[in-house]
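Below is one structure, written out as structure tokens, with a few remarks after it.
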Amino acid sequence: MSQKQIVSLGGYDFEASIEASEIEQLVKNLADRINMDYDDRNPIFIIVLSGAFIFAADLLREINIKSDITVVKVKSYHGFNSTGEVKILLAADIDLSKRHLVIIEDIVDTAQTLHHFSDYLRQFDPLSIETVCLLSKPDAHQVDIDLKYVGKDIPNDFVIGYGLDYNGQGRNLKHIFTKVD
Ligand code: XMP
Ligand code: MG
């Protein structure tokens, strides 16, 4: 992109920061690693809605090993009202016990959601739990979390596009855009 594309949403400007072609390469690299690591392990991919739906659609079409796919919707409470738990708004519709689980997340920010969701999954006695996320903001993490498959580390800025939204908008954008201060 010679000149960075700008989009405006809800009175804020967002500047293209990761182009679609780069995203495509990041997704392919992640899929290559997972295809190698999970060959013969028949994993269950757990898509965390809503933000991960576009990333998951692209990633999973690059996966060529035997696997199952399910979706969940979770809400985590932290900050002042911290319960240390996630509320499961939509549960997985498949038996997770004695299986290798791969959580598909769009972005890891404070890492609280993932931390609590991984805890929740342990009750099903899975063989393993790993996470694949397209983006991670290491400077924003508040809990220690083992992120095996990260597409790209980004600064602690708000981003939209490629499934990520600002108040429900911007998910359909092809590139990832960073909020301009
Ligand atoms: P935590 O803080 O628990 O949050 O890791 C993860 C969830 O928060 C959302 N999130 C974002 N959504 N742009 C977004 O559109 C962002 O920059 C951003 N940072 C966090 C996202 O839903 C993620 O799953
Ligand atoms: Mg999300």
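Read the numbers this way: they start at 1 and go in the same order the structure lists the ligands and their atoms. None of these values were measured; they are calculated from a predicted model.
The shortest N/O to N/O separation between Asp165 and ligand 1 falls below 3.5 Å.
With 3.5 Å as the limit, one finds a donor-acceptor pair spanning the side chains of Ser136 and His141. For the residue pair Asp157/Thr178, the side-chain donor-acceptor check at 3.5 Å is not satisfied. A donor-acceptor contact closer than 3.5 angstrom is absent between the side chains of Ser97 and Asp125. Donor-acceptor pairing under 3.5 Å is lacking for the side chains of Asn172 and Tyr162.
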Derivation of the side-chain hydrogen bond (donor to acceptor under 3.5 Å, both in side chains) call for Gln112 and Gln142: CA-CA 7 Å; Gln112 294 282 3; Gln142 293 172 357; 3.1 Å; yes

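The Glu105 neighbourhood of ligand 1 comprises atoms 24 (O), with distances under 4.0 Å to a heavy atom of that residue. The distance from ligand 1 to the heavy atoms of Leu164 drops below 4.0 Å at these ligand atoms: 12 (N), 14 (C), 15 (O). Distances below 4.0 Å separate heavy atoms of Thr113 from the following atoms of ligand 1: 1 (P), 3 (O), 4 (O), 6 (C). Listed by number with element, the atoms of ligand 1 under 4.0 Å from a non-hydrogen atom of Ala111 are 1 (P), 2 (O), 5 (O).
Remark: of the listed residues Ile145, Leu114, Val102, Leu114 is the sole one forming a side-chain contact (heavy atoms from CB on, under 4.5 Å) with Thr131.
Asp106 counts as a contact of ligand 1, since one of its heavy atoms falls under 4.0 Å from the ligand. Within the 4.0 Å heavy-atom shell around ligand 1 one finds Val159. Residue contacts with ligand 1: Lys137 is included, with a non-hydrogen atom under 4.0 Å away.
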